[in-house]
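One structure is given here, and the rest of the page talks about it.
Quantities reported herein were computed from a predicted structural model and do not represent experimental measurements. The figures that follow rest on heavy atoms only: side chains count, while hydrogens, waters and symmetry mates do not.
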Amino acid sequence: MRRWTLPLALLGLAVCAGAAPAASVQINSGTGQSYALRLTSLKEAKFRNTVRQKYDFSCGSAAVATLLTYQYGYPVSEQAAFEQMYAHGDRAKINREGFSLLDIKRYLEANGFEADGFRVPLDRLAEEHLPAIVLIEDRGYHHFVVVKGLLAGRVLVGDPALGTRSIPRDRFVRQWRNGLVFVIHNRRDLARFNAAGDWRAAPFAPLPAGVDRRGLDAVTLPRRGPADF
C-alpha cells in the first residue's frame, strides 16, 4: 500500500432513489391454516448491504456509512456521518457541490480510520482484498459509490442512489474517469471484499444451468421403423 501514490480528488455530488418497503401475504395451506409469507422487493434487497442516501448531495456520507458498516463491520448511520461531516466541512461548498474526499478523509480519521486516495488498477483492490470509495460520472452526475468486489468481468458496487449492483467492467472503467480509489489502509483485518452476501443482491444470470453445452454428437434419436408410424 505504501507504493500507491497520488493525492485526493476533492469532488462529490449525487442523485437519489428510494427503496420500496417489504410486504407480507397470507398463504392458505388448504387445511384451514394460513401462513404469513414475507416478500422482499428487489429495491429493498439492493439496499440490504448499501446505505441509501437521504439527500441529493449526500452520496458521500452514505458511501462512507456503507464502507464502514458493511465492509468493515463498524456500524454508522448515514445521518451520523452526514452531521459530523457537515459540521466540520465547508457548508456552502457542500450545499453547492456535495461532500468531497477530503471531508470523508477527515471524518474517517476522526473515527480511527486512516484513508487516502491512490491511482491503481482495479485488480489491485482484489489483490489487497480492500473495498474502496470511488467517484464515477453517471449521466452527467458525479457520484460516490463503494467498490465491494470484482468477479467474472463485473464490478460490484454499493451505490447510495441505486443500491448494490454489478456493472460490466468496461462500462465501469468509462464512468470512473479520474482513476482514483479511496481506501482505508489500517484495520485491514476487518475489510470485507467479494463477500458472498454482497453478491447475493446482484446475482449472475444462471446461464450455464439453462444452456446445454454438450455437442450434437451426444444427442441421440430413437431408431424407428415403418410400424412406428
Is it the case that one hydrophobic cluster holds both Val51 and Phe47, taking links as side-chain heavy atoms less than 4.5 Å apart, direct or via other members? no
With a 4.5 Å limit on heavy-atom distance, are the side chains of Arg169 and Arg154 in contact? no
Closest non-hydrogen atom pair, Phe144 against Leu101: CE2-CD2, 3.6 Å
What pairs with Arg165 under salt bridge (charged side-chain N to carboxylate O under 4.0 Å, His left out), at least two apart in sequence or on another chain? Asp138, Asp159
Quick check for you: to the nearest 0.5 Å, what is the distance between His88 atom NE2 and Glu83 atom CD? 12.0 Å
Full working for side chain to side chain contact (heavy atoms under 4.5 Å, CB included) between Gln79 and Lys54: CA-CA 8 Å; Gln79 189 66 30; Lys54 293 183 179 180; 3.8 Å; yes
Would you say the side chains of Gln53 and Ser58 form a donor-acceptor pair under 3.5 Å? no
Given Tyr74, which partner from the list Leu190, Leu67, Asn111, Thr69 fulfils the side-chain contact (heavy atoms from CB on, under 4.5 Å) test? Asn111
Establish whether Leu68 and Tyr70 are linked, either directly or via other cluster members, by ILVMFWY side-chain heavy-atom contacts under 4.5 Å. no
Only pairs at least two apart or in different chains count here, so list each salt bridge (Lys or Arg N to Asp or Glu O under 4.0 Å) that has a residue in residues 140-153. Lys148-Asp198
pair Leu156-Leu150: side-chain heavy atoms closer than 4.5 Å: no
Which atom pair, heavy atoms only, marks the closest approach of Gly112 to Asn186? O-ND2, 3.1 Å
Roughly how far, to the nearest 0.5 Å, is CD of Gln84 from OG of Ser61? 11.5 Å
Would you say the side-chain atoms of Arg192 pair up with the backbone N or O of Gly73, donor to acceptor, closer than 3.5 Å? no
Return yes when atom CZ of Arg187 has more than 12 non-hydrogen atoms of other residues, nucleotides or ligands closer than 6.0 Å, and no otherwise. yes
Cationic N near anionic O, under 4.0 Å, Arg188 to Glu128: yes
Is the closest side-chain heavy-atom distance between Val183 and Leu125 below 4.5 Å? yes
Value rounded to 0.5 Å, distance of OG1 in Thr50 from CD in Glu78: 12.5 Å
Rounding to 0.5 Å, atoms CZ (Arg96) and CD1 (Ile94) come to a distance of 10.5 Å
Can you find a pair of side-chain heavy atoms, one from Val157 and one from Ile167, that are under 4.5 Å apart? yes
Please enumerate all residues that pass side chain to side chain donor-acceptor pair (under 3.5 Å) together with Thr66, with sequence neighbours excluded. none
Are any non-hydrogen side-chain atoms of Glu137 and Gln175 less than 4.5 angstrom apart? no
How close do Cys59 and Pro160 get, counting heavy atoms only, and between which atoms? O-CG, 3.8 Å
Give me the ring orientation class for Phe99 and Phe57: parallel if the planes are under 30° apart, tilted from 30 to 60°, perpendicular past 60°. tilted
Testing the basics here: between Gly89 and Asp103, what is the closest heavy-atom pair and its distance to 0.1 Å? CA-OD1, 4.0 Å
Any luck finding a side-chain donor-acceptor pair between Asn95 and Tyr86 under 3.5 Å? yes
Rounded to the nearest 0.5 Å, the OG atom of Ser100 sits from the NZ atom of Lys105 at a distance of 11.5 Å
Around atom NE2 of His129, are there more than 12 heavy atoms of other residues, nucleotides or ligands at under 6.0 Å? yes
Check against side chain to side chain contact (heavy atoms under 4.5 Å, CB included), Met85 and Ile104: CA-CA 7 Å; Met85 291 166 65; Ile104 295 174; 3.6 Å; yes
From Leu162 CG over to Arg52 CZ, what is the distance, rounded to the nearest 0.5 angstrom? 11.5 Å
Between the main-chain N or O of Ile184 and the side-chain N or O of Asp116, is there a donor-acceptor pair closer than 3.5 Å? no
Using the ring centroid of each side chain, check whether Phe82 and Tyr55 are separated by less than 6.0 Å. yes
With side-chain contact (heavy atoms from CB on, under 4.5 Å) as the test, pick out the partner of Trp199 among Leu151, Thr164, Asn49. Leu151
Any Phe118 side-chain heavy atom under 4.5 Å of His185 side chain: yes
Check whether any side-chain heavy atom of Val147 lies under 4.5 Å from a side-chain heavy atom of Phe172, and answer yes or no. yes
Is there a side-chain contact between Leu180 and Leu135, using heavy atoms and a 4.5 Å cut-off? no
Side chain to side chain contact (heavy atoms under 4.5 Å, CB included) for Leu108 and Phe182? Distances and angles first, verdict last. CA-CA 11 Å; Leu108 290 172; Phe182 187 78; 3.6 Å; yes
Check against side chain to side chain contact (heavy atoms under 4.5 Å, CB included), Trp176 and Val145: CA-CA 10 Å; Trp176 180 40; Val145 299; over 6 Å; no
